[in-house]
Amino acid sequence: MAKFTSLKEAVADNLRDGDVVAFEGFTHLIPHAAVHEAIRQGRKELTLVRMTPDLVYDQMIGMGMAKKVVFSYAGNPGVGLLRRFRDAVENNWPHALEVEEHSHAAMANAYEAGAAGLPCAVFRGYKGAGLKNVNSNIREVVCPFTGETLAAVPSVRPDVTFIHAQKANRKGDVLIEGIIGVQKEAVLAAKRAVVTVEEVVENFDDVHPNACILPNWTISNVCVVPGGAHPSYAHGYYIRDNASYVEWDAIAADREKFTDWMNKNVMEKDETVFASRIENLKGAGK
Amino acid sequence: MAKFTSLKEAVADNLRDGDVVAFEGFTHLIPHAAVHEAIRQGRKELTLVRMTPDLVYDQMIGMGMAKKVVFSYAGNPGVGLLRRFRDAVENNWPHALEVEEHSHAAMANAYEAGAAGLPCAVFRGYKGAGLKNVNSNIREVVCPFTGETLAAVPSVRPDVTFIHAQKANRKGDVLIEGIIGVQKEAVLAAKRAVVTVEEVVENFDDVHPNACILPNWTISNVCVVPGGAHPSYAHGYYIRDNASYVEWDAIAADREKFTDWMNKNVMEKDETVFASRIENLKGAGK
Amino acid sequence: MSEAFSPDEMMTIAAARALGNSDICFVGIGAPSAACNVARLTHAPDITLIYESGTIGTAPDVLPLSIGDGELCETAVTTVGVPEMFRYWLQGGRISIGFLGAAQLDKFGNINTTVIGDYGAPKTRLPGGGGAPEIASSCGEIFITMKQSLRGMVEKIDFFTSFGHGSGGNHRQELGIATKGPTLLVTDLAVWKPDPVTKEFTVRSLHPGVTREQVQATCGWEVKFADDLGTTEAPSEQELNTLRDLKARTKAAHEGQAA
Amino acid sequence: MSEAFSPDEMMTIAAARALGNSDICFVGIGAPSAACNVARLTHAPDITLIYESGTIGTAPDVLPLSIGDGELCETAVTTVGVPEMFRYWLQGGRISIGFLGAAQLDKFGNINTTVIGDYGAPKTRLPGGGGAPEIASSCGEIFITMKQSLRGMVEKIDFFTSFGHGSGGNHRQELGIATKGPTLLVTDLAVWKPDPVTKEFTVRSLHPGVTREQVQATCGWEVKFADDLGTTEAPSEQELNTLRDLKARTKAAHEGQAA
């Protein structure tokens, strides 16, 4: 049953050194505030699972928190490469990084299978693809009816998943709207789940019956962190801060610049800073 | 791309003797009008797929249209048995009926796999269950990571699926709300799909972004048939006619009574009769 | 204190009492639906009720006739598709208690709702399993409610629609099933629980006024009674009123529709 | 009639022309997104654009920076979860055309966007495949757009991120892939199509003003030219205006946000 707590408390209660952790959100609703709190708490030896590692894992990898990353697209969407991730893979800085690489289809199916309580996901994929040769977690299953060879990957079962959502109600049920990505699956696949939200509303009586809602008994902690997705966005609250994504490229390109930026913008701040970061992005663009 | 046509035309264009056909709707939105039109057009040798055969398949079986039925629960929900189905299985009346019986989980997974373009569905099921011994379409697959034995069933891929939905917009996109069942999967799994709707609206601009919408290019025909789910219901339009479900038990119990009822209420009617059947059920109950 | 009550009412109320506030219940129609909603309206207001039609966290004011009545959706926290229901919520291991009824039941909690007689040429073709085969294996534990009869409680069921404890003992574990299986049987005459070792259903308490002989006379296997056999607590006034009000509201609503 | 235009503009417009009103396109970011939206705003108003973020039937007014910008959801017919996108819509075989870009491309349309150098110890770690491995095998056919360069168009790619025609001929069918694979390559210099038998990309038309030598000088394999080599039709005023207006709106929108 979801408890309402501060983000600091939620991270301390749920994220441990060595955990397999997913911070999910497909472009939309990326839980930046939760990642920054995890960075401040200095967790280590994490296995980071995420379809698109994006800025959040670039930051955690650069801060030396990751033992391994499980992913399907390690780019800065629309901008270019992830330079801290590259530096870790190419130069072992700040230390070596283990890589388990999949396709989007495989990762999406692996989350789905995790939510479904299955040990593996079965799908039609990786035909002729090189990843099969470098990832021993890509295997095969034969359809017992047609004989077709299908791909199989292990399901994703994180120790803990962090997501950002638009709203919780007073009971701690959580509503996700718009581009919903794999968040429902990432929460249901995990042992524990922490959700940061833009706001708490009285009830969801006026919400569509088939909207994406996570009941409170699927969630460990709910934390109210307005702006907690910035520079990603929260549909209906504020738009994507594309300029910050572009700026990240230069920041991450240089180890010293990166460290300075992390100190100034993450280590010396707390979760309350996010509300101010979205001031100029509310209701913009439309 | 969906065409707007009469139901008569849609059935004539899409349902052929010998087809594998699904008329879906899980308690809610059962496409009674489409079934009655299929009965009037006298299709034969059909393989009828449906999780809960319900009154609609009881009627088609009793009328001798079914060669085979693929299902998971052959009851009149909350009332009792399906007496025409029983008569066919127990006494071969009006002729012998082939039966492929699954669990709900298997059928739901089989529709899902059909929509996903897979040859089979893989899930954890049928452990210790007797259906494994009488249905050769229940097989096994071994997880290549854990060694766990999982169940496999062939995906459902109907030649044609019929569903009833609340609304279409002018472009032929279809909106389903409330208890959505397996309708999306049944449509996406099929080669052709016919949707009867309560009404056509200008657009779906005010609909929730994650509502269950089938784009017009997934549908063959859209037919406006107000009341087309009766005695099932259409959430937001009219409630379930529970009394009719109770009455069916007595009608179906007797071959002659059944035949009379079908003549009077189906053969001598057309699709326009459904609008009058829901007159007293609109806005009731709430 | 308590008024007269029927065996049916006792059965529903005894089942309701076994449910807790933090339970996530997969509800079937009939007695299970009444029991779950009585629990919700008495001692377990925060219980989560899930119907296989996809409605999660429902709080119906009247009992649905089918598992997919509109009331279930209108009062639900959310309504999902049926494939998601069976994959994420049932198979995902999120249900603590699944309720099953039975046409035939054996002493190890194995259930038949498929056929009487031979499967290929049945004497009576019953509706079949629906969700039961996977409810029986995926829910944390299984509660069974049924009225006792020699036809229903049999030495050997004609078909294994859903697996209980098989031939008893560790049979479930041997098949790789990790969940507990049937842990409670509530009939119109008694409350039964499986023996911890043999897994055979054993009568733990007789409903008020019921004798051992009555239980045995309506059960097709030789009944085992617990050494510390008790008497089921009679329905309280609150329990009885809650159940009767619910049934009255349900009757009024369903008849209203038929008009 | 037509004004001056850049090679980039020609590339986008030539790709746009290959799209029809009834196509269902799986759109990537960059040139594919521009081409698909130019098609939608000119000759193919009813084209269906799908982004892998789950947005189906989008009609963005400006080009998204990422595949999941809010504009895509706001203008979509519906927005589904990412597992559903990859299972029902891509794997389900409902996409007629998938657009891919490439860091490295070989003459059989095989694509590398994973690493330059050895996978275990790469010289350059690129973003990786994302949706590409299954886009390449599940879409009806694949269109590729890229700027020509010796670094990009190579004899042998370092990693098979996604499979095109493999080593040519019937290699796809031999692997059990039922879809057509790459059927079109539009670069900043030319339009290429695979040879019907060998499946090697062959230049079918040179963009206006481009020579064979320029195409060969920026391509790492020996280029084959069609016997009936043509010239790509120059962009019309409408095409050019549509593209430029779209880019201007996009620039204004994205800079506005940065302020």
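Chain letters run A, B, ... following the sequence lines, proteins first and then strands; every chain starts at 1. What you see below is based on every heavy atom in this structure, not just the backbone, and it leaves out hydrogens, waters and symmetry mates.
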So, for [X] and [Y], which heavy atoms are closest and what is the spacing to 0.1 Å?
X	Y	result
A/Thr27	D/Ser66	CG2-OG, 2.8 Å
D/Pro127	A/Phe71	O-CE1, 4.0 Å
A/Gly128	D/Phe163	O-CD1, 3.5 Å
D/Thr79	A/Gly178	CG2-O, 3.3 Å
A/Lys127	D/Leu175	CD-O, 3.9 Å
D/Ser53	A/Ile179	O-CG2, 3.4 Å

Should [X] and [Y] count as side-chain neighbours, where that means a heavy-atom distance under 4.5 Å?
X	Y	value
A/His235	D/Cys73	yes
A/His104	D/Glu52	yes
A/Tyr126	D/Glu134	yes
D/Pro83	A/Asn109	no
D/Asp69	A/Arg240	yes
A/Val89	D/Pro122	yes

Exercise. Where along residues 53-61 of chain A does a heavy atom come under 4.5 Å of chain D, listed by residue number?
Worked result: none

Exercise. So which of A/Ile180, A/Val182, A/Val134 has the largest heavy-atom pair count under 4.5 angstrom toward chain D?
Worked result: A/Val134

Exercise. With respect to chain D, which residue among A/Tyr245, A/Tyr73, A/Phe123 yields the maximal number of heavy-atom pairs within a distance under 4.5 Å?
Worked result: A/Tyr73

Which bit of [X] is near chain A, if near means a heavy-atom gap under 4.5 Å: side chain, backbone, both or neither?
X	result
D/Thr55	side chain
D/Phe160	both
D/Thr124	both
D/Gln91	both
D/Val80	backbone

Exercise. Can you tell me if NZ on D/Lys247 sees more than 12 non-hydrogen neighbours from other groups inside 6.0 Å?
Worked result: no

Exercise. Just wondering, are more than 12 heavy atoms of other shown residues or ligands nearer than 6.0 Å to CZ in D/Arg151?
Worked result: no

Problem set entry | Any side-chain donor near an acceptor of the partner, D/Tyr119 and A/Glu101, under 3.5 Å | yes

Is [X] close to chain D through its backbone or its side chain, or both, or neither, when contacts mean heavy atoms under 4.5 Å?
X	answer
A/Met51	side chain
A/Tyr111	neither
A/Leu131	both

Exercise. How long is the gap from CG on A/Asn242 to CG on D/Leu65, to the nearest 0.5 Å?
Worked result: 4.0 Å

Exercise. Quick one: does A/Tyr233's side chain have a donor or acceptor within less than 3.5 Å of a partner on D/Gly70's backbone?
Worked result: yes

Seminar exercise, completed: Counting heavy-atom pairs under 4.5 Å with chain A, the top scorer among D/Ala136, D/Gly128, D/Pro64 is D/Gly128

